[in-house]
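Data first, discussion second: the structure below is written as structure tokens.
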Amino acid sequence: GACQPAPYELSTRHTSANQNERIAFLILHYTDEDDARSLRLLTEPAHKVSAHYLIPRDTEQRPLPVYQLVPDSQRAWHAGRSRWHQYAGLNASSLGIEIVNLGYPPQDELLPAHQRRWQPYTQAQIAALGALTRKLVERYQIPPTQVLAHSDVAPERKQDPGPHFPWRELALHYGVGAWPDETRLAELRQQPAPAWDALGWQLRLARYGYGVAPSGSWDEQSRAALRAFQLHFRPALVSGEADAESQAILTALLERYFPEQR
């Protein structure tokens with residue numbers, strides 16, 4: 001049998017142009033647990049959840065260790081039911097980073113998001129996250145508007161990584177993720193446009209990427225998307241209510257990242 005010719009010869013001489021990276025998104029989470037329990041939840045089979053990377057909190061080790069729990073090439077179980085633009089089920093097309101953070105005390109559950117006592121991130125965590133995400137975004141050419149919060153892609157279910165997450169610092173200092181042009185935003189604040197109606201908000205939130213079905217009325221899906229938007233870009237007031245500041249921020253973002261769709 002060893003002398004039989006091989007039944008085929010694999011040739012790689014012809015390469016199709018019709019392909020792209022599996023990884024199109026970077027999704028950021030907090031664990032809602034301490035270091036030890038976070039590591040157990042993300043690695044033990046009984047919990048059925050994982051992430052590509054885990055950034056711990058309560059360690060004196062420097063530089064801060066970052067645990068790679070799943071290879072980039074593999075599908076981790078972190079996003080669950082999720083949507084952004086035309087993509088659904090984002091586990092298949094994303095990398096997930098979990099950051100150890102306790103969120104807020106259970107007794108704050110009924111308070112608006114901006115009134116809860118959220119745990120801040122440490123400077124060591126932010127520095128590690130910034131360096132890691134910059135490397136991943138460069139490696140996989142992930143667009144700024146596809147570096148997202150878990151709350152962005154699952155707004156009716158999730159709130160992480162919460163209002164203390166440093167989106168502005170990540171964008172301006174590390175070049176990771178979307179942020180409005182602040183000069184343009186100041187101009188829009190000085191000369192506010194007429195307020196959008198519900199349909200106007202829905203169309204623009206959907207254009208940016210949120211999973212909103214334009215209905216012309218404020219349903220819970222639309223309010224959840226607006227709350228997620230405020231968590232990401234205007235965390236000082238997370239109400240799910242339309243307001244001039246949120247409108248100015250979304251206008252500036254659409255002008256910067258989707259100008260061809262104006």
Can you tell whether the side chains of [X] and [Y] come within less than 4.0 Å, N to carboxylate O?
| X | Y | result |
| --- | --- | --- |
| Asp72 | Arg22 | no |
| Arg168 | Glu182 | yes |
| Arg223 | Glu220 | no |
| Asp181 | Arg256 | no |
| Lys158 | Asp152 | no |

Distance (rounded to the nearest 0.5 Å) between [X] [atom1] and [Y] [atom2]:
| X | Y | atom1 | atom2 | result |
| --- | --- | --- | --- | --- |
| Thr251 | Leu185 | OG1 | CG | 9.5 Å |
| Asp108 | Arg117 | CG | CZ | 4.0 Å |
| Thr12 | Leu10 | OG1 | CG | 6.5 Å |
| Thr31 | Asp160 | OG1 | CG | 9.0 Å |
| Gln115 | Leu237 | CD | CG | 9.0 Å |
| Gln68 | His52 | CD | NE2 | 8.0 Å |

Any heavy-atom pair between the side chains of [Y] and [X] that's under 4.5 Å?
| X | Y | answer |
| --- | --- | --- |
| Tyr30 | Phe165 | no |
| Trp167 | Pro161 | yes |
| Thr122 | Arg57 | yes |
| Pro163 | His114 | no |
| Val147 | Thr133 | no |
| Tyr121 | Leu129 | no |
| Val153 | Arg83 | no |

- [ ] Tell me whether the centres of the aromatic rings in Tyr53 and Tyr67 are closer together than 6.0 Å.
- [x]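 For Tyr53 and Tyr67, the ring centres are not under 6.0 Å apart.
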
TODO: State yes or no: are the ring centers of His78 and Phe25 separated by less than 6.0 Å?
DONE: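 So the answer is no for these two rings.
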
Open item on the list: Apply side-chain contact (heavy atoms from CB on, under 4.5 Å) to residues Leu26 and Leu148 and explain how you reach the verdict.
Closed with: CA-CA 6 Å; Leu26 188 59; Leu148 299 165; over 6 Å; no

Open item on the list: Is it true that, when you exclude Gln86 itself, more than 12 heavy atoms of the residues, nucleotides or ligands shown sit nearer than 6.0 Å to its CD?
Closed with: yes

Hydrophobic clustering (ILVMFWY, side-chain heavy atoms < 4.5 Å, transitive) - are [Y] and [X] grouped together?
| X | Y | value |
| --- | --- | --- |
| Ile249 | Trp201 | yes |
| Leu54 | Leu41 | no |
| Leu28 | Tyr87 | yes |
| Tyr174 | Leu172 | yes |
| Phe258 | Leu253 | yes |

Indicate the atoms forming the closest heavy-atom contact of [X] with [Y], along with that distance.
| X | Y | answer |
| --- | --- | --- |
| Leu102 | Glu33 | CD2-C, 3.5 Å |
| Ala228 | Pro155 | CB-CB, 3.8 Å |
| Asn101 | Gly103 | OD1-N, 2.7 Å |
| Pro65 | Thr59 | CD-CG2, 4.1 Å |
| Ile142 | Ala24 | CG2-O, 3.5 Å |
| Gln221 | Ala213 | OE1-N, 3.0 Å |

Task: Stepwise side-chain contact (heavy atoms from CB on, under 4.5 Å) check, Ile27 with Ile97 - done: CA-CA 6 Å; Ile27 300 176; Ile97 300 177; over 6 Å; no

- [ ] Give a yes or no answer on whether the side chain of Gln247 reaches the backbone of Pro194 with a donor-acceptor pair at less than 3.5 Å.
- [x]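 Indeed, once roles are kept as given, a pair shorter than 3.5 Å links the two residues.
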
TODO: Please confirm whether the backbone N or O of Pro56 pairs with a side-chain atom of Gln125, one donor and one acceptor, at under 3.5 Å?
DONE: yes

TODO: Please state whether the rings of Tyr210 and Phe229 are parallel, tilted or perpendicular, taking 30° and 60° as the class boundaries.
DONE: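 Answer is perpendicular, since the angle exceeds 60°.
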
TODO: Indicate whether the side chain of Arg116 and that of Gln159 have a donor and an acceptor atom separated by less than 3.5 Å.
DONE: yes

- [ ] Indicate whether the side chain of Gln202 and that of Ser222 have a donor and an acceptor atom separated by less than 3.5 Å.
- [x] yes

Open item on the list: If you apply the rule side-chain contact (heavy atoms from CB on, under 4.5 Å), what do you find for Ser38 with Val100, and how did you get there?
Closed with: CA-CA 7 Å; Ser38 295; Val100 173; 3.8 Å; yes

TODO: Just do the side-chain contact (heavy atoms from CB on, under 4.5 Å) check on Val137 and Lys135 with the steps written out, would you?
DONE: CA-CA 6 Å; Val137 162; Lys135 180 183 294 185; over 6 Å; no

Task: side chain to side chain donor-acceptor pair (under 3.5 Å) against Glu109, all qualifying residues, sequence neighbours excluded - done: Tyr104

